[in-house]
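This is a predicted model, so every value here is computed, not measured. Below, chains carry the letters A, B, ... as their sequence lines are ordered, and counting in each starts from 1.
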Amino acid sequence: MKVATQKSSGAGGSLRGRRVPIRVLTAVPICDGHDSPIITVNFELVQHGIEVIYLGYHRPVRDIVRAAIQEDVRAIGISSYNGGHIEFFSDVALRLRKEGAAEISIFGGGGGTISPADAKIMKRHGTDEIFFAGTPLAAMVSFVKRKYGKTPNSKLQTPEKLQPPSSKRDRVLHTLKDRDLARLLTAAENTASFRTPRSAFRTPMLGITGPGGAGKTTLIDELVLRFLRTGPTTRLAILSHDPSLLEAGALLGDRAAMIYSQNDRVFMRSMGTRGKAGGLARATERALRVLQLGNFDLIIVETAGIGQEALPFRQMGMKTVLVMSPDYGSRLQLQKIAMLDAADIVVVNKADLPGAKTAAAEIEERLARNGRGQSLVSTRATRHGDAGVDRLFDTIMRSQRQ
Amino acid sequence: MNALGDVIEAVENHRRFVEREAERARREPAFGREFLKRLKAARERAGSVATPTGLKLPRVALPDTDEPGEVARYLLGEGLPGEFPFVNAAYPEMYLGHSDAGNGKPSVEEPTRLFAGLGLAEDTNARFHFLTRHQKSIRLSTAFDGPTLYGLDSDADGVFGKIGEGGVAIDTIEDMERLYAKFPLGDKHFSVSMTINGPAPVLLAMYVAAAKRRFGPRVVIELRGTVQADILKEVQAQNEIIFPLDASLRLLIDMVEFTTKEMPRWYPISISGYHIAEAGATPVQQAAYTLSNGFTYVDLFRKRGLDVNRFGPRLSFFLDCGLDIEYLALARVCRKLWAIGMRDVFGADARGQVLKLHTQTSGRSLIAHEFKNNLTRTAVELLLAYANATNSCHSNSADEPYTTPSEEYVRLAANAQAILLDESGLFKYMMNGLSGSPGMKIVERAVEQAVLEEFEELERLGGVLAATDLRYQRSQIQAAAHRYERQINDGTRPIIGLNRYRSDVADTEVPIVRTPRKKQQLQVDRLKRFKQRHRPKAGPALDRLASVVEKGGNVFAELITTVEHCSLGQITDRLHQVVGRYRPAI
C-alpha cells in the first residue's frame, strides 16, 4: 500500500526518505448526529495512510476551527446531513481566515442533502470540493491525496518570530499563539533534527498512561474541567497519542469524546505513534519542548494504550499517573505491569465494575510493598462530578507542588 | 441475571411447550380435536367477503390443514390474529373495512401516518391542516429541527442556518401553541406524535402546558399522542442525547411515571429500531437491539414501582422496513418475542403483551441517483410492512435524499399507501393473505434464532445497559454500516441507477425546500422577546427545577411549570449544570 506523502515543512530540514502522513480533521456540524458516513470515510482515509483527527458529531464552527489550527491539519472534511450547510461551511472558512489560518482547506459532503447549486455557492465561499451521493470512497481518498499531498505554499515556512529568542526577556514575551505553536509542533513531529527554540517557561508536566479502554481520555477531560475552574486565566495543553497503523495512517479520535477540552484555554494536539512502540512517538520529547513555549499552567501527556512492559515516561521528568480498569485479570497479571512501580499515582477507574474492590485491594498491596509513597485513587470518570475524580485532582495538584 | 436472560429462557420454554403440545395433539385424539375445534370456530368467526370480481373469500386466511399437530403448532406457536403470541397480527382485524363506507370516507381509522415539520411553528401548522383536511381522525406526526433535537435555542451560537431545517423550530411554549393551533387537542379523534428524544421531557411539558393554556387543566387527562423519548437508541445509533445516560433515563422515568398516572391515553415512549437501522444495522440487529431496549425500559419502569399493566399497554414500537429479505418476517418475530417476554417475565396481561407497531419505509434505501426509482423502493417496502401486519405506516417521499419532502412527493407517498390498501385487493378483503407462507416461516425461524443469539451476546456482556456502556451495539451497527458501504462499492449489493443499470442522464434538480433567512431571523427575534418578557420569572423557575432534580422529585411535573417562563435552551443549560453533559461515544 502506498502511503500518502507530504513534504515536511518548517525549520531544521526534512525527514529524508521518510514519508510524512497527510493530516486532516473530520467532523459533523452542530445539531447533526449523522456520523455513520464520516466514520466510514475516516476508516478509508486511515487505511490509505492519512492521519485523521476526528472531532465527532454535533460540533460548532469554533470547535472545528480551533481543533484544525491546533492540530495543524492540511484540510478539514465536514460531513453534513442536517441542512444549513451553506452557512456552516462558509462560517468555517470565514473563521479560519479570521484566525489567520486561511491555508487550511475545506472539503465535504452530505449525500443528497447538498445540491449541485449549493455546492457551487459553497465552492465560491472557500470549499475545495463537495462529494455527492454515490461518490466511491476511493475517489475521496485519491482527491485528498492529490489535493493535499503537497505542501500548499510558502506561507507554511516557519515565521521569523519563531527563531530562538536571544534574551530571557525576549523569551517571556514570546508566549506563542495556537497557530504558531501548532506549526512548530508539525516541524518538530516531522523533523528529527528539529531544534526547539528555548523556552523561558518551566511548565509542569503530567504523564497519563494505561491500557487501552481504561478511560484515560474521559478522565483527562474531567481533570481539565477541574483544572480550568482553578482560575479564569488558567491554560493547559494536552499532547495525546494514538497508535498508527502499520506503515499507514492513524485515527486520532480522542477529541471526539471530549467535552470540556473544547475550550480556548485548552491546547490539544494529537499524535500518531508512527511505528514507535510503548505508547509515545519518536517526536514526543521534541513536541513537549515546543509546548513549553506556550506558557501553559500544565501540560498533560496521554499515551496510546500500553502493554504490561511499557514504561513510557522514563527520564522525562514528570509526575505520572497510571490508569487501570479493574479487569486486568489475575493477581499474576498484575505483577507483570511495569508501570505499577514507576507511576506516582495509580487510578482504578470504572470503580463501579464488579471486581473493582478486589483490584483496588490487590494494587494497594503491591504499592505498599514498593514503599515509595505512591497514591491509589478509585474513580468513576463517566459519572458527572465524581468524588473519586475530585480526589484524584487534589492528589495531582498536591504532587505538582512537591 | 438480567431481564434479558429471563426472556431468552422464556422463549425457549415457550418453544418447548409448543412442541410438547403439538406432539400430544398428534398422540391423543381427544386433545387434538380441541385444537381442530378452535380452528373451525375461528374460520366461522372470520366470515367471508365477495370481491368486486365476484370471488368469495374468507376475511382471515387460516392454515389449510386438519392435522392436529400442525394446528396446535399454529394456534400456540403463532396464534390467531390478535391472539398470543401475536405472530400473525396484534388484533383480530387489521385493515379490513378500510374500503369506502359509501360516503367516500374510510369507515375506520386510516393506518397512514405522515411525518411533517418545516420552518417555523406556523408553517408546520399550515402543513398539518393541509395534510389532514380529508381525514376523519387527525394524527399529526411532528419532526423538529436540529437545534430543537439538541435542546438548543434558535439564538444559540452557531445554529443560524439550521433553524427550521429538516423540521420545525420550537424554542418556547408559545411556539408550541402556534404549532398545534386550531386543532382540538383533547378530542378523541386527535393525536400528535413528537419525534424527539434528548429533550423529550421538555417538549412534552411544553405540549401539556400549551394544552392547559387553551383548554384548562382538565384537558391533561384527555391528551392523546406519542413522544419518542427512546434514549437508549440515541446512545447506540442516532446521537441525539444531551444529558449523561443515567440522568437521561431518570428524566424519562419521571416522565413515564407522570403520564402513567395523569395522562393515561398518552404513549410516553416509542421504542425505536428505525434509527438503529438507519445508522446501518442489519434487520436482525434492529430487531434484537430494539426489543432488548424495550425490555430494559420495562425493567426500569417496574423498578420505579410502576404497574406493568398500566404502563405496558402504553408502550409502542417503531421499526424500519427496508428491502432485505429479513423484512418478510421481521415484525412477526418481534411481536412474538415481545409477547412472550411481557407475559412470562414481566407478568403483563393481554393488553401489555401486544407489540403495537408503527413502521416507516427505509430512508437509507433511498438513493439520490435517479431518485424516482425511490417510488418503487418505497412501494416494495410498504408491501412488506403490511404483509407483516403493521398497525400504522409512514411511507417516505422519493425526494428525501435531497430535502425535506416537497408536497408533490409527500402526496405520491401517501397515495402509494392508498393504492396498496384501497385500490389493490391485497389487504382489503383478506387481511393476511400473505402471512404464513413456507418461505416467510423459514425467514421467521432464521430471524428469530439470530435475534436470540444477539440477546445471548448482550446478556454475556452484562445486559443492555452494560453492553451500551461498552459501546457494543454501536460498534456492531457501525461494522454493519461499513459492510453495507463496501458491498455497494464493490457491486455485491446492487443499487439500481447507482452501481447497476446506471444511466448517464443527469437528474433534473429537485426543488429544495429551505427555510429563508428572514424566517430564521424572525424565530430568533421572537425568542429574544420571550426571554426579555420572562426575565424576572425565568431565574427562580430554573432554580426550582434544579432543586427538584437535586432532591429527587419528579422533574417532569416541575417542567410543566418551568416551561411557562423558560425556553428550551435555558432549561437545557440549567440541567447541564446539575446533571452534566453527555459524553459522545465514537
Over all heavy atoms of both residues, which pair between B:Arg583 and A:Glu222 is shortest? Give the atoms and the distance, please. NH2-OE2, 3.0 Å
Looking at side-chain heavy atoms only, is the closest gap between A:His58 and B:Asn239 below 4.5 Å? no
To the nearest 0.5 angstrom, please state how far the NZ atom of B:Lys162 sits from the CG atom of A:Asn82. 5.5 Å
More than 12 heavy atoms from other groups under 6.0 Å of CZ on B:Arg581: no
Less than 4.5 Å apart, any side-chain heavy atom of B:Pro584 and any of A:Arg59? yes
Examine whether an atom of A:Thr218 lies under 4.5 Å from a heavy atom of chain B, and if so say whether it belongs to the side chain, the backbone or both; otherwise answer neither. both
Okay, B:Glu485 and chain A: the region with an atom under 4.5 Å from a heavy atom over there is side chain
Heavy-atom proximity to chain A below 4.5 Å, by part of B:Tyr582: both
For A:Tyr260, which atoms come within 4.5 Å of any heavy atom of chain B: side chain, backbone, both, or neither? side chain
Between chain A and each of B:Glu240, B:Gln478, B:Gln520, count heavy-atom pairs under 4.5 Å; write down the option with the most. B:Gln478
Contact origin within A:Tyr54 toward chain B - heavy atom pairs under 4.5 Å: side chain
Counting heavy-atom pairs under 4.5 angstrom with chain B, the leader among A:Pro60, A:Pro354, A:Ala257, A:Gly111 is A:Ala257
Calculate, to the nearest 0.5 Å, the distance between atoms CG and OG1 belonging to B:Asp246 and A:Thr382 respectively. 8.0 Å
What part of A:Ile86 is in contact with chain B, defined as an atom under 4.5 angstrom from a non-hydrogen atom: side chain, backbone, both or neither? side chain
Could you have a look at B:Gly462, B:Gly166, B:Gly580 and say which one has the most heavy-atom pairs with chain A under 4.5 angstrom? B:Gly580
Under the side-chain hydrogen bond (donor to acceptor under 3.5 Å, both in side chains) rule, collect the residues that match up with A:Thr40, sequence neighbours excluded. B:His482
Non-hydrogen atoms of B:Arg517 and A:Glu87 that approach each other most closely: NH1-OE2, 3.3 Å
Please flag which part of B:Arg364 lies under 4.5 Å from any non-hydrogen atom of chain A: side chain, backbone, both or neither. neither
Atom pair CZ/OG of B:Arg474 and A:Ser36 - distance to nearest 0.5 Å: 9.5 Å
All side-chain contact (heavy atoms from CB on, under 4.5 Å) counterparts of A:Ile53, not counting sequence neighbours: A:Arg23, A:Leu25, A:Glu71, A:Val73, A:Leu252, A:Arg255, A:Ser270
Count the heavy atoms of every other residue, nucleotide or ligand shown that sit under 6.0 Å from NZ of A:Lys120, and state whether that count exceeds 12. no
Counting only heavy atoms not in B:Arg471, do more than 12 sit closer than 6.0 Å to its CZ atom? no
Chain B shares the most heavy-atom pairs under 4.5 Å, among A:Val61, A:Asp91, A:Leu137, with A:Leu137
Can you check whether A:Cys31 reaches B:Glu165 side chain to side chain, under 4.5 Å on heavy atoms? no
Is chain A contacted by the side chain of B:Asp157, its backbone, both, or neither, given a heavy-atom distance below 4.5 Å? both
Using heavy-atom distances under 4.5 Å, tell me whether A:Asp35 contacts chain B through its side chain, its backbone, both, or neither. both
